[in-house]
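In what follows, a single structure is set out as structure tokens and then discussed.
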Amino acid sequence: MPTLLFSLRGVPDDESYEIKELLTSHEINYYETSAGNWGISMPALWLNNTDELEKAQKLLDEYQQQRAISQRENYEQLKREKKDKRLIDVIIEKPLRLLIYLAAIGFILYLYVKMLFEFGL
């Protein structure tokens with residue numbers, strides 16, 4: 001009976017690829033399900049053989065610990081190089097976009113309130 005090994009919902013493509021490579025290199029038989037056309041199905045990696053679950057889980061735990069360390073180091077490097085973007089940085093880079101978004105939000109709120117009073121509560 002198939003066993004769920006790892007849910008792929010919200011997982012970056014590079015991480016998904018690395019996990020699949022890890023399982024393939026250790027000759028663990030698995031298959032992948034996608035989110036489907038509307039994104040409501042469960043994207044995941046499943047094991048065909050439940051006997052391999054313990055081995056696969058151990059490999060996955062080790063991989064995730066290594067990935068957490070490398071991603072943390074990557075983030076710290078971006079912070080040191082001042083390449084990490086904060087909200088204020090994005091606003092300073094593109095102030096016109098912020099004004100357009102605020103105008104659109106204001107217009108939608110105006111229409112909402114206008115319709116509310118015209119048609120009643």
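Model, not experiment: these values are computed from the prediction. Atoms considered below: every heavy atom in the structure, side chains included; atoms not considered: hydrogens, waters and symmetry mates.
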* Asked: Do you know the tightest heavy-atom contact between Gly39 and Arg9?
  -> O-NH1, 3.5 Å
* Qualifying residues under side-chain hydrogen bond (donor to acceptor under 3.5 Å, both in side chains), relative to Glu93, sequence neighbours excluded -> Lys85
* Could you tell me which residues satisfy side-chain hydrogen bond (donor to acceptor under 3.5 Å, both in side chains) with Gln65, sequence neighbours excluded, listed by chain and number? => none
* Within a reach of under 6.0 Å around CG of Asp13, are more than 12 heavy atoms found that belong to other residues, nucleotides or ligands? -> no
Give every donor-acceptor pair under 3.5 Å between a side-chain atom in residues 54-64 and any protein atom, sequence neighbours left out.
unit_1, atom_1, unit_2, atom_2, d
Lys55, NZ, His26, O, 3.2
Tyr63, OH, Glu18, OE1, 2.4

* Single-linkage hydrophobic cluster Phe107~Tyr101, side-chain heavy atoms < 4.5 angstrom -> no
* Asked: Given Leu23 and Leu5, is the side chain to side chain contact (heavy atoms under 4.5 Å, CB included) satisfied, shown in steps?
  -> CA-CA 11 Å; Leu23 294 173; Leu5 175 64; 3.8 Å; yes
* Structure fact -> Hits for side-chain hydrogen bond (donor to acceptor under 3.5 Å, both in side chains) against Gln71, two or more places apart or cross-chain, chain-then-number order -> none
* Asked: Mind checking whether Leu116 and Leu109 sit in one hydrophobic cluster, side chains of I, L, V, M, F, W, Y counted as touching below 4.5 Å?
  -> no
* Asked: Restricting to pairs with a member in residues 30-41, which pass salt bridge (Lys or Arg N to Asp or Glu O under 4.0 Å), not counting sequence neighbours?
  -> Lys20-Glu32
* To do: Work out which heavy atom in Leu22 is nearest to a heavy atom in Ser25; give both atom names and the distance.
  => O-OG, 2.9 Å
* Can you name the residues that form a side-chain contact (heavy atoms from CB on, under 4.5 Å) with Pro95, not counting sequence neighbours? -> none
* To do: Determine, using the 4.5 Å side-chain heavy-atom cutoff (strictly less than), whether Val11 and Tyr17 are members of one ILVMFWY cluster.
  => no
* Asked: What do you reckon, is CZ of Arg86 surrounded by more than 12 foreign heavy atoms closer than 6.0 Å?
  -> no
* Do NZ/NE/NH1/NH2 and the carboxylate oxygens of Asp89 and Lys82 come within less than 4.0 Å? -> no
* Among all residues two or more places apart in sequence or in another chain, which pass the side-chain contact (heavy atoms from CB on, under 4.5 Å) test with Asn37? -> none
* **For Ser34 against Ser41, the heavy-atom pair lying closest together** => O-CB, 3.7 Å
* Apart from Tyr75 itself, what residues make up its hydrophobic cluster when side-chain heavy atoms of I, L, V, M, F, W and Y under 4.5 Å apart count as a link, directly or indirectly? -> none
* To do: Taking side-chain contact (heavy atoms from CB on, under 4.5 Å) as the test, write out the residues that go with Thr24, two or more places apart.
  => Tyr30
* Asked: Does Lys114 have any side-chain contact (heavy atoms from CB on, under 4.5 Å) partners at least two apart in sequence or in another chain, and if so, which?
  -> Tyr110, Glu118
* side chain to side chain donor-acceptor pair (under 3.5 Å): pairs with one or both residues in residues 43-52, sequence neighbours excluded -> Asn29-Asn48, Thr33-Trp46
* Linking directly or through intermediates, with side-chain heavy atoms under 4.5 Å: list the remaining ILVMFWY members grouped with Leu96, chain and number order. => Ile100
